Amino acid sequence: MSTGSSLLEEVVWRGNFHVYLRQRYSFWPTAILTGVGWSLWHLPIAVLYKPYIMPAVGIPAYLLLLFGFSIVLSIIREVGQSIVPVAIFHGMMNVFLLRGWTAYDRFSR
């Protein structure tokens, strides 16, 4: 399930947007613009679904973390020339990282 939804998300971000930008810009501007857009795309999740103790710190930290992950995903896309490894890695991030945070949240209260 997670890899399927990640594949759909990556079709848009690294399959279309990255390719469109890459035709006009070098790798780093493309990766940075994609990272900013992808991070902001997740802003509703950060605001509505993440239970932060200090939202003024947690939300920017979450978006910065996503920006870093987006750079890694763009590198994988660039090297692999395919969105399949990107979608698999994205799905693994969702399963292991998000499940880990959820478990941590449950036990830290």
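On a predicted model such as this, the values are computed, not experimentally measured, just so you know.
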Measuring from T34:OG1 to L73:CG, what's the distance to the nearest 0.5 Å?
-> 10.5 Å

W28 to I75 - nearest heavy-atom pair and separation = CH2-CD1, 4.4 Å

Under 3.5 Å: donor-acceptor pair, side chain of T30, backbone of S26 | yes

F67 side, atom CZ; Y62 side, atom OH - distance, nearest 0.5 Å | 15.5 Å

Is the CG atom of L48 crowded by more than 12 outside heavy atoms at less than 6.0 Å?
-> yes

Can V36 be reached from L33 by stepping across I, L, V, M, F, W or Y side chains whose heavy atoms are under 4.5 Å apart?
-> no

So CD1 of I76 and CD1 of I71: to nearest 0.5 Å the spacing works out to 12.0 Å

In one Ile/Leu/Val/Met/Phe/Trp/Tyr side-chain cluster, 4.5 Å: Y25, V19 | no

Under a single-linkage definition using a 4.5 Å side-chain heavy-atom cutoff for Ile, Leu, Val, Met, Phe, Trp and Tyr, are V12 and I32 assigned to the same hydrophobic cluster?
-> no

Straight-line distance of W41 CH2 to L66 CG, nearest 0.5 Å | 13.0 Å

CZ/F27: more than 12 non-hydrogen atoms of other groups inside 6.0 Å = yes

Give a yes/no verdict on a cation-pi contact between R24 and Y20, requiring under 6.0 Å between NZ or CZ and the six-membered ring centre and an angle within 45° of the axis.
-> yes

Mark yes or no for whether R14, through its side chain, and R77, through its backbone, hold a donor-acceptor pair below 3.5 Å.
-> no

What distance separates W38 CH2 from F69 CZ, expressed to the nearest 0.5 Å?
-> 8.0 Å

What is the distance from atom CG of L64 to atom OG of S39, rounded to the nearest 0.5 Å?
-> 8.0 Å

Is there a donor in the side chain of H18 and an acceptor in the side chain of Q23, or the other way round, less than 3.5 Å apart?
-> no

Report whether I53 and L63 are members of the same hydrophobic cluster (ILVMFWY, side-chain heavy atoms less than 4.5 Å apart, transitive linking).
-> no

If every non-hydrogen atom of P60 is compared with every non-hydrogen atom of P55, which pair is closest and at what distance?
-> CD-O, 3.7 Å

